[in-house]
Amino acid sequence: MGSHRRLAPSGFNRGAGAALCVLSAAAAALGAVPASAAPGTDTRAEVDRLYQQAEKATEAYDKADERAGALRREVHDSQDRIARQQQRVNTMREALGSLAGAQYRSGGIDPTVALLFSDDPEQYLDRASLLDRIDVRRAGQLDELQAALRELAQERAEAVGKLAELERSRRAVASHKAVVERKLAKARHLLNTMPAADRAAFEHASRGDARASLPDLAGAVPPDGRAAAAIAAARSALGKPYVWGASGPSGFDCSGLMQWSYAQAGLHLPRTSQEQRYAGHQVPLSQAQPGDLVVYRSDASHVGMYVGNGQVIHAPYPGAPVRYDPVGMMPVSSVTRP
């Protein structure tokens with residue numbers, strides 16, 4: 001990108017509640033960006049700024065979308081557990097009904113009177129002993145049923161809470177999707193206002209063939225097989241388009257490319273660049289090795305993969321394909337070794 005300025009830290013948190021707060025705060029901050037640059041301003045810098053803000057919004061969208069997916073799975077699992085628990089409760093009730101029927105059929109008169117009128121007192125005592133055991137068993141089953149009902153009520157209450165959180169997360173996803181689309185539309189509008197020569201130069205730099213001028217990576221040897229596999233996957237994505245919210249294989253946003261590349265190497269990374277920053281141990285930039293994740297800007301809103309000799313592979317921004325760029329293309333926040 002032609003111009004990169006530091007953004008204020010977002011305070012992005014991995015917790016679901018904090019994620020929603022970040023989405024709201026980011027949306028409010030993004031809303032302050034003017035719809036178009038005034039005549040005479042640095043239009044390219046404004047386009048770059050809009051792309052930065054759209055990327056920040058994309059990372060927050062990715063987080064909300066990931067949370068919504070996790071909640072959908074949790075709700076589905078809860079519904080399965082509720083159905084199984086309800087079946088268990090029904091079975092217990094049927095068993096208790098059978099016991100109650102057996103006791104009713106034995107007669108409800110006082111045991112002493114029943115003994116006096118019994119034709120076979122010895123047989124009566126045997127039956128009475130059996131009924132005592134039935135009562136003990138029934139008492140135990142009643143306790144078990146009550147515990148099962150409490151568990152069922154708790155499961156239902158938790159499911160209601162998860163459904164409410166899922167709805168909030170869905171709204172956050174939709175809201176942030178609108179923010180991203182609005183920022184990208186403004187950037188395209190500004191690009192259309194640029195003089196033809198400037199616009200052509202900008203688009204050539206953005207859309208140029210990522211394989212046409214491969215950097216010299218001689219001697220850049222990955223430290224292990226997993227890093228080598230991740231780098232190979234990232235290289236296979238060179239030239240594929242930046243697609244916000246995408247994690248391959250036909251298009252990527254910045255963190256989606258990192259997640260997909262390492263998935264091909266058998267390692268699951270978190271979805272967002274803010275979380276990927278902590279997906280391993282951090283090392284100084286001077287000690288970066290091929291396969292390390294290079295996180296950019298103070299709000300960790302961009303990430304690329306170091307491939308050696310001062311180069312990274314990354315998905316830059318809409319309109320630019322996955323490509324190589326110098327590791328110092330924008331302020332480095334941290335370097336993480338997965």
Checking [X] side chain against [Y] main chain: does a donor-acceptor pair fall under 3.5 Å?
{"X": "T336", "Y": "R277", "value": "yes"}
{"X": "D292", "Y": "Q289", "value": "yes"}
{"X": "Y262", "Y": "L257", "value": "no"}

Atom [atom1] of [X] and atom [atom2] of [Y]: how far apart are they, to the nearest 0.5 Å?
{"X": "H314", "Y": "S273", "atom1": "NE2", "atom2": "OG", "result": "13.5 Å"}
{"X": "D62", "Y": "R271", "atom1": "CG", "atom2": "CZ", "result": "3.5 Å"}
{"X": "S334", "Y": "Y296", "atom1": "OG", "atom2": "OH", "result": "10.5 Å"}
{"X": "L269", "Y": "L293", "atom1": "CG", "atom2": "CG", "result": "6.0 Å"}
{"X": "Y61", "Y": "D253", "atom1": "OH", "atom2": "CG", "result": "10.0 Å"}
{"X": "T272", "Y": "D65", "atom1": "OG1", "atom2": "CG", "result": "12.0 Å"}

Close side-chain approach of T58 to Y242, heavy-atom, < 4.5 Å: yes
M329 and H302: CA distance, side-chain angles, deciding distance, side-chain contact (heavy atoms from CB on, under 4.5 Å) verdict: CA-CA 11 Å; M329 60 183 171; H302 190 77; 4.1 Å; yes
Worked check of side-chain contact (heavy atoms from CB on, under 4.5 Å) between V335 and Q282: CA-CA 5 Å; V335 178; Q282 296 186 356; over 6 Å; no
side-chain contact (heavy atoms from CB on, under 4.5 Å) evaluation trace for F252 with K240: CA-CA 8 Å; F252 304 89; K240 292 187 177 180; 4.0 Å; yes
Which atom of S255 lies closest to which atom of E59, heavy atoms considered: OG-OE2, 2.8 Å
